[in-house]
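To start, the structure under review is shown below, and the notes come after it.
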Amino acid sequence: MTQSSPIRQHVAVLNEDLTIALKAADVIKVKLVGAPGALVTLSLDTDGTPFDVALRRDGGEHHRSLLQKGEGRKHVVLQLPDDPAHLMITASIAGKLTLRQTGSIAADDLKAPPRDYLSPRIATLAQQLATNASTDAFWHEVEAEGTPLVEEGEKGKPLLTFLFRGASRNVKMLGGPANDIYELERLEQSDVWFRSIAVPAGSLFSYQLADNVPEFEGPARAQRVAILATAKADPFNHFPWPANAPDPFNQSSTFRVAGGDLEPWHEQAASQRGTLTHYRLASERLSNSRDIWIHRSAGLDVSNDTTPLLFVFDGEQFLKKGLLDRSIDALVESGRLRPMVTVFVSSIDNVVRARELPDSDAFADFMADELLQFVIDQTGLTPRADRTILSGSSFGGLGSTTIALKHPQEFGAVLSMSGSYWWSPEGAFQGENAVARRVATSEHKPVRFYLSSGLFETSRGDGFASILEPNRHLADVLLAKGYEVERAEFPTAHDMFAWREILPQGLIQLVGK
């Protein structure tokens, strides 16, 4: 019977290298620095000898293996168990092991560092809550001031803090500076939920807040859209939109950061208003019927060949929420635009919209033949192509571009807002900018472009493609092909609240006096 080697004790303060020479079949104990619960960092280095190193409780129970045969060098982070423990080192052959305890933090010192809040207001409130103060005074200030709170962030950049009071499980924001879903954070165990975001000057956006969003097992998409069940206007925001919504679920909150180039022309009441006439137009080519509204500016002269003619896709939205007819009246009265004809084209519904606007030959022919002739018949206008503009947002921007490229003799200008140039035909390589490729591989057309996109329109959490980058790509390709292009980027998202101010800006650039 072979007698085992005796255990050799090493009690050492491992703040310096400790080199241990082991004989074959040696068993050595080494005491680490630190009381139970301490956080310890340890480096182990062998000369190639196959050692075993384990952490054991002093009572003999194995706790954790730190080094196994064949591992020559290792850095370990561990927490000492709740009762006294030591390293147990064994060797099957002779060799040397060098240990160094590189750090030790006592259990009592293992506390999270003080939270560094972006918002000074939230930081102050957190300090007050640490002394068991109430949040009532804070909410009283918020109610008077309105949300989001505005403070100066790093390098003078505006810092916005969105707030919600009293949720039990979660609070999420839909929309806002990134047109995506943000999680709000609960401040300690208080009734304050918050999210601070730095934004550029001139940022313009709408948003909703959702508290206690249902949580369940299911497809990621279904979990994501569950936010719509409770999303509604922010009760502390002073700028609801639209103001006359039937309930908060059908209302958003809005905010404009000071600065920027956009102007709310729809808020300027013109003394001379244009006329808006509704029509119902049946299309033989498309086998459907849709609403059309024609707006005639005050002082309109249809015999003047410089009179602009503007077509707006998603027309019902640009009338109801965009108030574009009011903006045009104000621009005409201010002298920024000539009196003009504006045609608001209904999309019928989302299914038809998704079929017609993304590069449909049939819809392009309807626009060039049926609708254009209908407008001429109703107004008496003889439009010039270079004064005839197609405009829209998202799929409407994409459709404006593809229709104009197919019918440049009728439509000589495009006003695209947040155009969906990520789109590609079914079966094409996803991610290819199909419109940019078409421009690059076809002859130049007599079409001018105003392409706008939002700085916040990058890829979203649900995998939705970026708007910003494809717009930049298309603009570069158009410029390379010799097109006249005005490219504009604003601190906005995929949002009618912004488009209603961007469209007038584009009109000024394309046909302003």
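Keep in mind the model is a prediction, meaning the values are calculated, not measured.
Between the side chain of Asn237 and the backbone N or O of Thr147, at least one donor-acceptor pair lies under 3.5 Å. Between the side chain of Ser453 and the backbone N or O of Asn471, no donor-acceptor pair lies under 3.5 Å. With hydrogens and angles ignored, the 3.5 Å screen pairs no side-chain donor or acceptor of Ser394 with any backbone N or O of Gly396. Of the possible polar contacts, one joining the Ser466 side chain to the Glu469 backbone as a donor-acceptor pair under 3.5 Å is found. Side-chain atoms of Asp359 do not come within 3.5 Å of backbone N or O of Thr402 as any donor-acceptor pair. At distances below 3.5 Å, at least one donor-acceptor pair connects side-chain atoms of Gln208 with backbone N or O atoms of Gln251. Within the 3.5 Å criterion, the main-chain N or O of Leu209 finds no donor-acceptor partner in the side chain of Asp234. A donor-acceptor pair under 3.5 Å is formed between the side chain of Asp349 and the backbone N or O of Val352. A donor-acceptor contact shorter than 3.5 Å links the side chain of Glu370 to the backbone of Glu284. Using modelled atom types, one side-chain atom of Asp329 and one backbone atom of Gly274 make a donor-acceptor pair closer than 3.5 Å.
Arg285 and Asp369 are joined by a salt bridge, as a carboxylate oxygen and a charged side-chain nitrogen come within less than 4.0 angstrom of each other. The pair Lys172-Asp211 does not count as a salt bridge, with every side-chain nitrogen at least 4.0 angstrom from each carboxylate oxygen. Between Arg115 and Glu185 there is a salt bridge, since at least one side-chain N of the basic residue sits less than 4.0 Å from a carboxylate O of the acidic one. Checked for salt-bridge contact, Lys321 and Glu316 miss the test: no charged N lies under 4.0 Å from a carboxylate O.
Relative to the ring axis of Phe239, Arg256 does not place its NZ or CZ within 45° and under 6.0 Å from the centre.
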Does the side-chain contact (heavy atoms from CB on, under 4.5 Å) test come out yes or no for Ile294 and Thr342, once each step is laid out? CA-CA 6 Å; Ile294 298 180; Thr342 305; over 6 Å; no
Would Asn433 and Trp422 count as a side-chain contact (heavy atoms from CB on, under 4.5 Å) if you check the C-alpha gap in whole Å, the side-chain angles of each, and the deciding distance to 0.1 Å? CA-CA 6 Å; Asn433 193 324; Trp422 51 264; over 6 Å; no
Step by step, would you call Arg487 with Asp476 a salt bridge (Lys or Arg N to Asp or Glu O under 4.0 Å)? CA-CA 9 Å; Arg487 179 168 60 186; Asp476 289 341; 3.1 Å; yes
Given side-chain contact (heavy atoms from CB on, under 4.5 Å), test Phe490 with Leu262 step by step and report yes or no. CA-CA 8 Å; Phe490 301 100; Leu262 297 176; 3.6 Å; yes
With side-chain hydrogen bond (donor to acceptor under 3.5 Å, both in side chains) as the test, would you mind laying out the steps for Tyr421 and Ser416 before giving the verdict? CA-CA 10 Å; Tyr421 300 113; Ser416 170; 2.9 Å; yes
Step by step, work out the ring-ring contact (aromatic ring centres under 6.0 Å, His included) result for Phe313 and Phe363. CA-CA 12 Å; Phe313 296 123; Phe363 187 70; 5.8 Å; yes
Step by step, work out the salt bridge (Lys or Arg N to Asp or Glu O under 4.0 Å) result for Arg280 and Asp291. CA-CA 5 Å; Arg280 187 72 181 169; Asp291 294 311; 3.1 Å; yes
Decide yes or no on side-chain contact (heavy atoms from CB on, under 4.5 Å) for Leu149 and Val142, but give the supporting numbers first. CA-CA 8 Å; Leu149 302 180; Val142 169; 4.3 Å; yes
Walk me through it: do His295 and Thr275 pass the test side-chain hydrogen bond (donor to acceptor under 3.5 Å, both in side chains)? CA-CA 6 Å; His295 178 265; Thr275 60; over 6 Å; no
List the steps, then state whether salt bridge (Lys or Arg N to Asp or Glu O under 4.0 Å) holds for Glu489 with Arg472. CA-CA 9 Å; Glu489 295 179 355; Arg472 289 174 172 174; 2.7 Å; yes
Salt bridge (Lys or Arg N to Asp or Glu O under 4.0 Å) between Glu443 and Lys481, worked out: CA-CA 8 Å; Glu443 63 181 19; Lys481 288 288 287 189; over 6 Å; no
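By the 30° and 60° cut-offs, the orientation of the rings of Trp293 relative to His278 is tilted. Classified by interplanar angle (parallel below 30°, tilted 30° to 60°, perpendicular above 60°), the ring pair Phe162/Phe205 is tilted.
Applying the 6.0 Å contact sphere to CZ of Arg273 captures more than 12 heavy atoms from other residues, nucleotides or ligands. Residue Glu145 places its CD atom among more than 12 non-hydrogen atoms of other residues, nucleotides or ligands, all under 6.0 Å distant. At most 12 non-hydrogen atoms from other residues, nucleotides or ligands lie less than 6.0 angstrom from CG of Asn350. By the neighbour-count criterion of 12 heavy atoms within 6.0 Å, atom CZ of Arg326 is sparsely surrounded, having that number or fewer from other residues, nucleotides or ligands. No more than 12 heavy atoms of other residues, nucleotides or ligands lie within 6.0 Å of CD in Glu484, so this atom counts as exposed by the packing criterion. Counting heavy-atom neighbours within 6.0 Å of Asp305 CG, excluding the residue itself, gives a total above 12. Annotation: Gln268, atom CD; neighbour count of heavy atoms from other residues, nucleotides and ligands within 6.0 Å is above 12.
Aromatic rings from Phe374 and Tyr279 are positioned such that their centres are separated by under 6.0 Å. Ring pair Tyr483/His444: centre-to-centre distance below 6.0 Å.
Once rounded to the nearest 0.5 Å, the distance linking CZ of Arg500 with CG of Leu204 reads 8.0 Å. With rounding to the nearest 0.5 angstrom, the CG atom of Asp191 is 12.5 Å from the OG atom of Ser168. Atom-to-atom distance recorded for Glu356:CD and Leu286:CG is 5.0 Å, nearest 0.5 angstrom. Note that CG of Leu163 and CD of Glu143 are 12.5 Å apart. Values are rounded to the nearest 0.5 Å.
What you find for Gln272 and Glu333 is that their closest heavy atoms are N-OE1, 3.1 Å. Considering every non-hydrogen atom in both Phe395 and Leu357, the closest pair reads O-CB, 3.7 Å. Of all heavy-atom pairs between Gly176 and Ala493, the closest is O-CB, 3.7 Å. When all heavy atoms of Leu405 and Lys445 are compared, the pair lying nearest together is O-NZ, 3.5 Å. Nearest heavy atoms, Ser393 versus Asp314: O-OD2, 4.1 Å. Here the closest non-hydrogen pair linking Arg169 and Val213 is NH2-O, 3.3 Å.
In this structure the side chain of Pro504 never reaches within 4.5 angstrom of the side chain of Ile328, judged on heavy atoms. Looking only at side-chain heavy atoms (C-beta outward), Glu151 and Thr161 come within less than 4.5 Å of each other. Side-chain contact between Val257 and Leu160 is present, with heavy atoms from C-beta onward closer than 4.5 Å. Thr306 is listed as a side-chain neighbour of Arg387, based on a closest heavy-atom distance under 4.5 Å.
Each of Ser418, Ser452, Ser391 was scored for a side chain to side chain donor-acceptor pair (under 3.5 Å) with Trp499, with one residue passing: Ser418.
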